[in-house]
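Okay, so here's the structure we're looking at.
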There are 2 protein chains.
Amino acid sequence: MATRTVEDYIKRIYLEQQAGLELVPFGRLASAMDVVPGTVTTMVKALADSGLVGYEPRQGVRLTPAGEMLALHVLRRHRLIELFLVRVLRFDWSEVHDEAEELEHAVSERLIERIDELLGRPGYDPHGDPIPDATGRVAQRNLESLSSARSSGRGTIARIADQDPEFLRYATDRGLIPGAVLTVESVDPIGESIRLVVGDRSLTLGRTAAAKILVAWASPLGSDLDRVDAGTNG
Amino acid sequence: MATRTVEDYIKRIYLEQQAGLELVPFGRLASAMDVVPGTVTTMVKALADSGLVGYEPRQGVRLTPAGEMLALHVLRRHRLIELFLVRVLRFDWSEVHDEAEELEHAVSERLIERIDELLGRPGYDPHGDPIPDATGRVAQRNLESLSSARSSGRGTIARIADQDPEFLRYATDRGLIPGAVLTVESVDPIGESIRLVVGDRSLTLGRTAAAKILVAWASPLGSDLDRVDAGTNG
DNA sequence: CTCACTATTTTGAACACTCAAATTGGAATA
DNA sequence: TATTCCAATTTGAGTGTTCAAAATAGTGAG
Ligand SMILES: [Mn+2]
Ligand SMILES: [Mn+2]
Ligand SMILES: [Mn+2]
Ligand SMILES: [Mn+2]
């Protein structure tokens, strides 16, 4: 059985790859895992020995198919737990991440199956992240970051790519939650801000905040000039 | 923060003391924790260093007040989780122990508080074990083991002192569950068996099986000649 | 009082994970 | 081309938990 540490490393590598890196640099992994670089070198070698990752010395790590399977299972547990905490235990979506970070390593396959069943086999967690099914399959969506909007338009918020409780509470206060319909009023590329309307509120977001809001546009719009590089959590 | 291992040792020592030992012998702890004796010697020293236990060399260990507090908190988590799994997730009471054994180390204080609230601040877990409150207070009951019955009589099953799924399923099949009313028909001290009626069923139990059934007698009856020495789990 | 037996302790080692600090490799720069 | 710089690696060490196997202490039997 993979230890808690191994599961967290593998999940992290998966999320970094998901965010666009083919090969995750050791330094990035070190800061994401909050350990010193030498620790990553050691761990990556151990992970490679157990067949979960491959790596190019001085270049970075990449998951093997076995590693990806493990990552998907951990992510499945994490996201189902988050949704369970929100739906059944009435936690706020801003405070479930840390709890899930622990529980994801403690729940049995049987318990996760019960939770999945009780929740009606949901496809997405409270933050809009897709929940892999028991075989590891994940729904693919073509979302665009609000920061990539080039002109005004209308869309639905599908995902918030940040787990920080403070940001999530800020988003909640402004109605920026998955499912909410939003209208881009204007974009200021030089000032790096975007004006929008959500419900009956009108607000302005800066580029990095906007980058965390993933939207499904009602009509084709926006460009893919800047990559969706936010969202490295579960 | 106490590690998972420390929490399990402390809980085990508490339960052994609860079962009548003032000073828990190292060998007993070793077999209960499924480690070799030398490991216990090492661990007990470490636990003593952190102020959770005291010990007499070659005699045994005993919890300090700090150790007892920790034990009660772990037991609280364990038992609330068991009840939650039964009530909310519809697990069978025979299969919740192992799951709780893991989760008890992963849940936050906040989550346990939610669960406690959701369940209506219950006093007992599915096996009839008392649930300590947030301050560590536990209900005290004067229960007697069915194996201590000396003559016929009537009582209510209050606790089943065994976590083995097989035994629990056996008990379920015969209606031997907490809350069930039972009548002792006859006791055979030589043959070490006891005949009883539960609901509309009549059955015979041997001494060790009967020792695991803890009863609150309807009328004063039975003796306390043999100690309640079963029941070393949570 | 001595022997044998058993429970406990000691010793030396391992595994998983981590750090601090010194070293090295490679890429970009001058 | 030689230098500089940063990322990655190596080395040596420490913590927590565990084992196998040898040594020891205390008990009870003879
Ligand atoms: Mn985690
Ligand atoms: Mn999430
Ligand atoms: Mn446990
Ligand atoms: Mn129980």
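Note that these values count all heavy atoms, side chains included, but never hydrogens, waters or copies made by symmetry. To find a chain, count down the sequence lines: A is the first, B the second, and so on, and within it residues start at 1.
The phosphate of C:dC19 has OP1 or OP2 within less than 4.0 Å of a side-chain N or O from A:Thr39.
Among the protein residues, A:Thr3 comes within range of the sugar-phosphate backbone only, with heavy atoms under 4.0 Å from sugar or phosphate atoms but none that close to a base. Among the atoms of the strands shown, only primed sugar atoms or phosphate atoms (P, OP1, OP2) are found under 4.0 Å from some heavy atom of A:Thr5. Among the atoms of the strands shown, none is found under 4.0 Å from any heavy atom of A:Tyr55. Contacts of B:Gly27 with the nucleic acid, taken as non-hydrogen atoms under 4.0 Å apart, involve only primed sugar atoms and P, OP1 or OP2.
Distance, B:Ile10 CD1 to D:dT17 P: 11 Å, rounded to whole Å. What separates CE of B:Met43 from P of C:dT8 is a distance of 17 Å, to the nearest Å. Rounded to a whole Å, the CZ atom of B:Phe26 is 15 Å from the C1' atom of C:dT6. Distance, A:Asp49 CG to C:dC15 P: 12 Å, rounded to whole Å. One atom, CD of A:Glu56, and another, P of C:dA27, lie 13 Å apart when rounded to the nearest Å. As a whole-Å value, the separation of B:Arg28 CZ from C:dT8 C1' is 17 Å. The NZ-P distance, from A:Lys45 to C:dA16, rounds to 16 Å in whole Å. Look at CZ on B:Arg58: it is 12 Å from P on C:dA7, rounded to the nearest Å.
Remark: the A:His105 side chain and the A:Asp8 side chain contain an N/O donor-acceptor pair separated by less than 3.5 Å.
The shortest non-hydrogen separation linking B:Arg169 to B:Ser94 is CG-OG, 3.8 Å.
The residue among A:Gln59 and A:Thr42 whose nearest nucleotide of DNA chain C is located toward the 5' end is A:Thr42. Nearest-nucleotide assignment on DNA chain C puts the 5′-proximal partner with A:Arg4, out of A:Arg4 and A:Gly38.
Annotation for A:Arg141: atom CZ counts as buried by contact number, over 12 foreign heavy atoms lying within 6.0 Å.
A:Arg114 forms a cation-pi arrangement with B:Phe91, by the criterion of a distance under 6.0 Å to the ring centre and an angle within 45° of the ring axis.
Across C:dT18, D:dT9, C:dT9, the shortest atom-to-atom separation from the side chain of B:Pro37 is found for C:dT9. Side-chain proximity of B:Pro25 to the nucleotides D:dC19, C:dT8, C:dC19 is greatest for C:dT8.
Salt-bridge formation is not detected for the pair B:Arg121/B:Asp133: no Lys NZ or Arg NE/NH1/NH2 atom is positioned less than 4.0 Å from an Asp or Glu carboxylate oxygen.
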